[in-house]
Amino acid sequence: MSFKILGHNYIGGQRSGEGDVQLHSVDAATGALFETPFLTATDKEVAAAVHAAEKAYPAYRATTSEQRAAFLEAVADEIDALGDDFIAQVARETALPAAPRLTGERARTSGQMRLFAKVLRRGDFYGARIDTALPERKPLPRPDVRQYKIGVGPVAVFGASNFPLAFSVAGGDTAAALAAGCPVVFKAHTGHLVTSELVADAIERAVKKTGMPAGTFNMVYGDRVGAQLVKSAGIQAVGFTGSLRGGRALCDMAAARPQPIPVFAEMSSINPIILMPEALKVRGEAIAKDLAGSVTVGVGQLCTSPGLLMGVKSPELTAFIEKLSAAFGGANPATMLNSGGLSHYNSGVARLTQLPGVKVISTGGSSYTQAVPHLFQADASLLFSKEAPLEEEVFGPSTVIVELESREQLLDFAANMHGQLTATLQAEIGDLQGNEDLIAILEQKAGRLLLNGYPTGVEVCDAMVHGGPYPATSDARGTSVGTLAIERFLRPVCYQNYPDSMLPAPLKNANPLGLLRLVDGEQTRAVVG
């Protein structure tokens, strides 16, 4: 199949095969092609997918928050019902272990849906604000002004390679957009086509069970369909997780449209970890072990993997490097998601290896078919090179450690480094004292600041920020994990002097949804008038 609109039959039915572009899913461990081909969607089919989303938007936006919450919960139930055969299929496509990785990711995916259902029932996403009329105000009366937020319209979502469930068909971007009242046109990732179809079928069952409009969710296949999606007039926002090159291309396309639209792209981050002397003195051996585990978990195929380690030169840092080198020496090669990922990783390792001022100080074995963990050490001068070679992400199980000459040098780099998803301090209380200026700089450079933890592992909750300044993301005001993600797909609408009978429920005088609203400058659940 090439394209489907949920609630309808496959568009186009059987093709003649002439001119069709076939895609095959690949067994990640053996390289063998799956038997069933997928067809790249034609221009006509992509246009039909967008049209279906446009057609669904008015009816889907008109559903109540309770109806959408029930829909998301139905999606979650269908995902949970995908059994061991499904997990085995995902493992075959991605080489990720069935347990605990994929079973955990399935639970995270359904959990995200249920979390957004709670957001819908809570109602704070509406952002209801009311300024009642002041007809006697001088010199001019104030009109009655009321504001709430609505979904922006159909959203194009691109699946990520490294999370075939949690950042894919029913992942966080899809959950947030659907919660906001936005139909989704999903572009399936070519690395896990079968997985994508099975999850899309689960969403289709939930659409039918809950009576959502046909076209609320639909999916297209193909390498080259993304550009047409982003350029389609019916698409009003884009969610993307992937490379800097790919995300930037989508941003440029969206900005060049007659009607520019926002692209919320998560792209590139090296997630620096700053190692403080007291922490290394007290916990150096444990930090080395845990840090090696964080770099190599998931074969380093995580957007929050630590790619740069830094500390001011000291005996504690010298001893730590020895411990970390030993930990990397005990790591093993592992299979990546696909051959393309392995090729890119090996190219990144080769680039660092050939860079003057960089040396390999530890590796985890050797292999031609799997990713080998690498620990590099680099001269501090490279942090200040115009080309910023140490800030180019190497997606895989490697990291670079740098000994800085002074605290001033650390502050200088922190102030000039690229935007990041995360920045971590390994520090004791004594280390933190007097480093408030460093923390203030890191606030400007990263979306999530960690203390004595590791950035791999992103909690899905209300307070999480999985975003950051460019090039970590294209828009640092948003997050792709956590309930704040819904804000990316909402826009405010203001009603002035409308009669109560014509107002949407979140703005009615009687407050029928029981929302906490900002009324004349005060947070209250009270009725108006």
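Keep in mind it's a predicted model, so treat the numbers as computed, not measured. For reference, positions follow the sequence shown, starting with 1.
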Please check if the side chain of [X] supplies one atom and the backbone of [Y] the other of a donor-acceptor pair under 3.5 Å.
X: Glu93; Y: Leu193; value: yes
X: Asp431; Y: Ala279; value: yes
X: Asp500; Y: Asn509; value: yes
X: Thr479; Y: His466; value: yes
X: Asp520; Y: Thr132; value: yes
X: Arg525; Y: Gly514; value: yes
X: Arg205; Y: Glu78; value: no
X: Lys187; Y: Val225; value: no
X: Thr424; Y: Leu450; value: no
X: Gln496; Y: Pro143; value: no

May I ask you to check whether over 12 heavy atoms, not counting those of [X], lie within 6.0 Å of atom [atom1]?
X: Arg245; atom1: CZ; answer: no
X: Glu136; atom1: CD; answer: no
X: Arg142; atom1: CZ; answer: yes
X: Arg129; atom1: CZ; answer: no
X: Asn497; atom1: CG; answer: yes

Exercise. Would Leu449 and Glu443 count as a side chain to side chain contact (heavy atoms under 4.5 Å, CB included) if you check the C-alpha gap in whole Å, the side-chain angles of each, and the deciding distance to 0.1 Å?
Worked result: CA-CA 7 Å; Leu449 306 185; Glu443 277 186 331; 3.6 Å; yes

Between [X] and [Y], is any pair of side-chain heavy atoms under 4.5 Å apart?
X: Leu451; Y: Leu432; value: yes
X: Val238; Y: Met253; value: no
X: Tyr126; Y: Ser65; value: yes
X: Leu425; Y: Asn435; value: no
X: Val90; Y: Leu96; value: no
X: Val75; Y: Gln112; value: no
X: Ser480; Y: Arg488; value: yes

Considering residues at least two apart in sequence or located in another chain, which fulfil the side-chain contact (heavy atoms from CB on, under 4.5 Å) criterion with [X]?
X: Ala69; value: Ala117, Leu120, Arg121
X: Arg248; value: Asp252, Tyr470
X: Lys55; value: none
X: Tyr60; value: Thr63, Arg68, Phe71, Leu178, Pro183, Met212, Pro213, Thr216

Less than 3.5 Å apart, which donor and acceptor atoms pair up between the side chains of residues 151-167 and the rest of the protein, not counting sequence neighbours?
unit_1 : atom_1 : unit_2 : atom_2 : d
Asn162 : ND2    : Gln301 : O      : 3.0

Report, one line per pair, each donor and acceptor closer than 3.5 Å where one atom sits in a side chain of residues 229-236; sequence neighbours left out.
unit_1 : atom_1 : unit_2 : atom_2 : d
Ser232 : OG     : Gln228 : O      : 2.6
Gln236 : OE1    : Gln259 : NE2    : 2.8
Gln236 : NE2    : Ala233 : O      : 3.1

For this session: Please determine which of Ser305, Pro306, Pro272, Cys303 meets the side chain to side chain contact (heavy atoms under 4.5 Å, CB included) test together with Pro455.
Result: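 Single side chain to side chain contact (heavy atoms under 4.5 Å, CB included) partner of Pro455 among Ser305, Pro306, Pro272, Cys303: Pro306.
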
For this session: For residues 483-528, pull every pair meeting ring pair (Phe, Tyr, Trp, His ring centres under 6.0 Å), keeping only residues two or more places apart or in separate chains.
Result: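 Qualifying pairs: Phe264-Phe489, Tyr495-Tyr498.
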
Exercise. Does the side chain of Ser269 come under 3.5 Å of the side chain of Gln420 through a donor N or O and an acceptor N or O?
Worked result: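 Yes - a donor-acceptor pair under 3.5 Å links their side chains.
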
Problem set entry | Check: Arg448/Asn271 side-chain N/O donor and acceptor closer than 3.5 Å | no

Exercise. Does a side-chain N-to-carboxylate-O contact under 4.0 Å join Arg283 and Asp290?
Worked result: no

For this session: Verify side chain to side chain contact (heavy atoms under 4.5 Å, CB included) between Leu507 and Ile130, making sure each step is shown before the conclusion.
Result: CA-CA 7 Å; Leu507 299 180; Ile130 298 172; 4.3 Å; yes

How many angstroms lie between atom [atom1] of [X] and atom [atom2] of [Y], to the nearest 0.5 angstrom?
X: Glu459; Y: Arg108; atom1: CD; atom2: CZ; answer: 9.0 Å
X: Leu198; Y: Ser196; atom1: CG; atom2: OG; answer: 9.0 Å
X: Thr422; Y: Ile270; atom1: OG1; atom2: CD1; answer: 9.5 Å

By side chain to side chain donor-acceptor pair (under 3.5 Å), which residues pair with [X], not counting sequence neighbours?
X: Gln444; value: none
X: Lys118; value: none
X: Asp475; value: Arg477
X: Glu105; value: Arg101

Problem set entry | Stepwise side chain to side chain contact (heavy atoms under 4.5 Å, CB included) test for Ile150 and Arg491 | CA-CA 6 Å; Ile150 66 170; Arg491 69 175 181 87; 3.8 Å; yes

For this session: Could you walk me through whether Glu522 and Val519 pass side chain to side chain contact (heavy atoms under 4.5 Å, CB included), step by step?
Result: CA-CA 5 Å; Glu522 300 291 336; Val519 179; 5.9 Å; no

For this session: Kindly state each residue pair satisfying salt bridge (charged side-chain N to carboxylate O under 4.0 Å, His left out) with at least one member in residues 148-162, sequence neighbours excluded.
Result: Lys149-Glu487

